[in-house]
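Order of the sequence lines sets the chain letters (A, B, ...), proteins ahead of strands, with each chain counted from 1. Keep in mind the model is a prediction, meaning the values are calculated, not measured.
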Number of protein chains: 2
Amino acid sequence: MRMSQGVEWALHTCLNLTYVESGQAVPTAALAKFYALPPAYLNKHLQALVRAGILSSTPGPRGGFRLARRPEAISLLDVVTAIEGSGEAFPCDQILREGPGGRPDVDYRHACVIAGAMRHAELAWRRELAGRSLADIRAEVETRYPDTPRNTRERFAALLG
Amino acid sequence: MRMSQGVEWALHTCLNLTYVESGQAVPTAALAKFYALPPAYLNKHLQALVRAGILSSTPGPRGGFRLARRPEAISLLDVVTAIEGSGEAFPCDQILREGPGGRPDVDYRHACVIAGAMRHAELAWRRELAGRSLADIRAEVETRYPDTPRNTRERFAALLG
DNA sequence: GTGTAATTACTCGGATATTATTTGTCCGAGTGGACCCGG
DNA sequence: CCGGGTCCACTCGGACAAATAATATCCGAGTAATTACAC
């Protein structure tokens, strides 16, 4: 039930990329040093974000990663599902098929009341995450911690220089 | 992010125990045969439910498990946390401490905006699960599948006889 | 000085180990009923 | 027939092993800037 720590890395990294002037790419090494993360493993997660269409990557010198869309168009749910996969958290193995009156031709992922209740709760979770974009997060951060934009850009400048 | 399949087993088993006349205990073997589950492993999960105060167990002949409280007083969240633990699904490792302006004396599990957003979504999920009791589930099952009470009791009678 | 071609350093991307978690199994401790035996 | 003591089968509970997923690392393919060189 615990989700991968890569989700935390991905969320913070995407938020940081929000502050990079668009068109400029940031390599894995710089993104990893930002929070003292293992570069090779962070790169693995960044690859997943590229496959999900959240980041775009360019190889070679001056290459690296950048946001593939505007921050308003990237929800927290997008990032989470890119790392964790889109599967349901509650795995309905349809054990009712083995129970009394169970039939092999029925899809109990829809028929089972328990599975329905679990799915309903999960939808509430997804709805919350889908309703918050990177732009929203960024706005709240800047309200509560006004130094963050400057600090972030300075750190990037130092890491890229 | 995927939760243990033991949650499904536990939920269905608790729901089935709802139909057993109170005072009567059902051994692991019978509960396992109900859905053709591995008895020893199901027993492991039942132990967790006992530790959480959801079931009570009695050893020896005519022993087994029974609900420790009324079905109205057992929420889906109770069962889920009994199996999965009460920890947060999103693990905030406070990587902001290594970032620019990060301080070791700050608890970023509360200060971090991203952690807050994730916790908010998780609370929505918990609220849904906490709002549904075994009695609610049972009522919905009986509305949609009127044969379930009789089928369940008959299967238990066959397994205990 | 300028255009071109070879070189080189840099970056991503996936294949490969290692560790942690989940899944699954087994055997011992304890309990309650049943049976046996004596009164 | 009735009471008590012994035995035995049944059940939970935790210790132990295998399989799966998460974590971490390394090296090769490809690219773009840079440099050297000829014109």
Quiz item: Over how many whole Å does the gap from B/Met3 atom CE to C/dT21 atom P extend?
Solution: 18 Å
Quiz prompt | Selected nucleotide, minimal atom distance to A/Arg51 side chain, candidates C/dT23, D/dC12, C/dG14 | solution = C/dG14
Quiz item: Does any pair with a residue in residues 102-115 of chain A pass salt bridge (charged side-chain N to carboxylate O under 4.0 Å, His left out), and if so which ones, sequence neighbours excluded?
Solution: A/Asp107-A/Arg109
Quiz item: Taking for each residue the nucleotide of DNA chain D with the nearest heavy atom, is it A/His45 or A/Arg62 whose nucleotide lies nearer the 5' end?
Solution: A/His45
Practice problem: Please determine, for the side chain of A/Pro27, which listed nucleotide (D/dT11, D/dG13, C/dC12) has the closest atom? | Solution: C/dC12
Exercise. To the nearest Å, give me how far apart CD (A/Glu8) and P (D/dA22) are.
Key: 17 Å
Quiz item: Between A/Cys14 and A/Leu49, is any pair of side-chain heavy atoms under 4.5 Å apart?
Solution: yes
Self-check item: A/Pro149 vs A/Thr152 side-chain heavy atoms within contact, under 4.5 Å
Solution: no
Quiz prompt | Min side-chain heavy-atom separation A/Ile95-B/Glu8 under 4.5 Å | solution = yes
Quiz prompt | B/Gln47 CD - C/dC26 P separation (whole Å) | solution = 16 Å
Quiz prompt | Protein-nucleotide distance (B/Leu46, atom CG; D/dG13, atom P), rounded to Å | solution = 9 Å
Quiz item: Taking OP1 and OP2 of C/dT11, is either one under 4.0 Å from a side-chain nitrogen or oxygen of A/Ser57?
Solution: no
Quiz prompt | Between C/dA20 (P) and B/Arg2 (CZ): distance, integer Å | solution = 20 Å
Quiz item: Is NZ or CZ of A/Arg150 both nearer than 6.0 Å to the six-membered ring centre of A/Tyr19 and within 45° of the ring axis?
Solution: no
Quiz prompt | A/Thr28 side chain near C/dC12 phosphate (N/O to OP1/OP2, under 4.0 Å) | solution = yes
Practice problem: State whether A/Phe34 and A/Arg155 meet the cation-pi test: NZ (Lys) or CZ (Arg) under 6.0 Å from the six-membered ring centroid, and within 45° of the perpendicular axis. | Solution: yes
Filtered N/O pairs between nucleotides 24-31 of chain D and protein, under 3.5 Å:
residue : atom : partner : partner atom : Å
D/dA24  : OP2  : A/Gln5  : NE2          : 2.9

Quiz prompt | Short side-chain donor-acceptor distance under 3.5 Å, B/Tyr35 and B/Asn16 | solution = yes
Practice problem: Using heavy atoms and a sub-4.0 Å distance, could you list which residues of residues 79-98 of chain A are near DNA chain D? By number, please. | Solution: none
Self-check item: Between A/Asn151 and A/Thr148: side-chain donor-acceptor atoms closer than 3.5 Å
Solution: no
Practice problem: Return yes when atom CZ of A/Arg62 has more than 12 non-hydrogen atoms of other residues, nucleotides or ligands closer than 6.0 Å, and no otherwise. | Solution: no
